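Excluded from the calculations below are hydrogen atoms, water molecules and symmetry mates; all remaining heavy atoms, backbone and side chain alike, are included. Residue numbering restarts at 1 for every chain, and letters A, B, ... go by the order of the sequence lines. Just so it is clear, the structure is predicted and the values come from calculations on it, not from any experiment.
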Amino acid sequence: DAAVTQKPRYLIKMKGQEAEMKCIPEKGHTAVFWYQQKQSKELKFLIYFQNQQPLDQIDMVKERFSAVCPSSSLCSLGIRTCEAEDSALYLCSSIDWGENYAEQFFGPGTRLTVL
Amino acid sequence: GQGVEQPAKLMSVEGTFARVNCTYSTSGFNGLSWYQQREGQAPVFLSYVVLDGLKDSGHFSTFLSRSNGYSYLLLTELQIKDSASYLCAVRDLGSNYNVLYFGSGTKLTVEP
């Protein structure tokens, strides 16, 4: 089972609606990442949090998404106004910056479908 | 992203081996990771390399050549259950060194 938890697993929204997905990182991990994966495509980096602070994000996230990590045990990624192109698997991952910092743990993902 | 390239598909036969290639082009290099991903599931960490050479981890081995921007994942004694996508990801010091930049993955099919 994945050490990182994501909810919901599946999300269906109409174009123009708001969407929200949640991530519970592995306990003790201080770094949280969000990625977007479209069918048969690479994982696309979206945003990176360190100790609940956003340190890096792509322009698309700044413009249309909302992402917060109010605590070390819960993060969320939201889309203010869904578009068809947002249909994808959204993966959350966390890292332990200790000895095993190379291993990035991924959650099972939230599959968003925008109709 | 960040110039990480992998062949889209690879086929091999049960009991033999498969080599998944990855080439990358980054302004700075801070390690390369390999992940296995099954359809609809989360990527699972397999290996991390930062120094040149071959790293043997049993069923999986990884090779890195930093001067050539090249790595491969070698799977030996293939089983049908090894059929999955294998993702190569690079940490680029030139951008945010904490971020992994992924290739599109290589879908490996192991036939009987």
Gamma sulfurs of A:Cys75 and A:Cys23 within less than 2.5 Å = no
So which part of A:Gln37 gets closer than 4.5 Å to some heavy atom of chain B, the side chain, the backbone, both or neither?
-> side chain
Flag for B:Thr62-B:Ser47: side-chain donor and acceptor within less than 3.5 Å | yes
Trace of the ring pair (Phe, Tyr, Trp, His ring centres under 6.0 Å) decision for A:Phe49 with A:Phe33 = CA-CA 6 Å; A:Phe49 287 87; A:Phe33 301 79; 9.6 Å; no
Is it the side chain or the backbone of B:Gln37 that comes within 4.5 Å of chain A heavy atoms, both, or neither?
-> side chain
Select one option (side chain, backbone, both, neither) describing which atoms of A:Leu43 are under 4.5 Å from chain B's heavy atoms.
-> both
With B:Tyr24 as partner, the option from B:Phe29, B:Tyr70, B:Phe102, B:Tyr72 fulfilling ring-ring contact (aromatic ring centres under 6.0 Å, His included) is B:Phe29
Chain A contact via B:Leu87 - which portion, at a heavy-atom distance below 4.5 Å | side chain
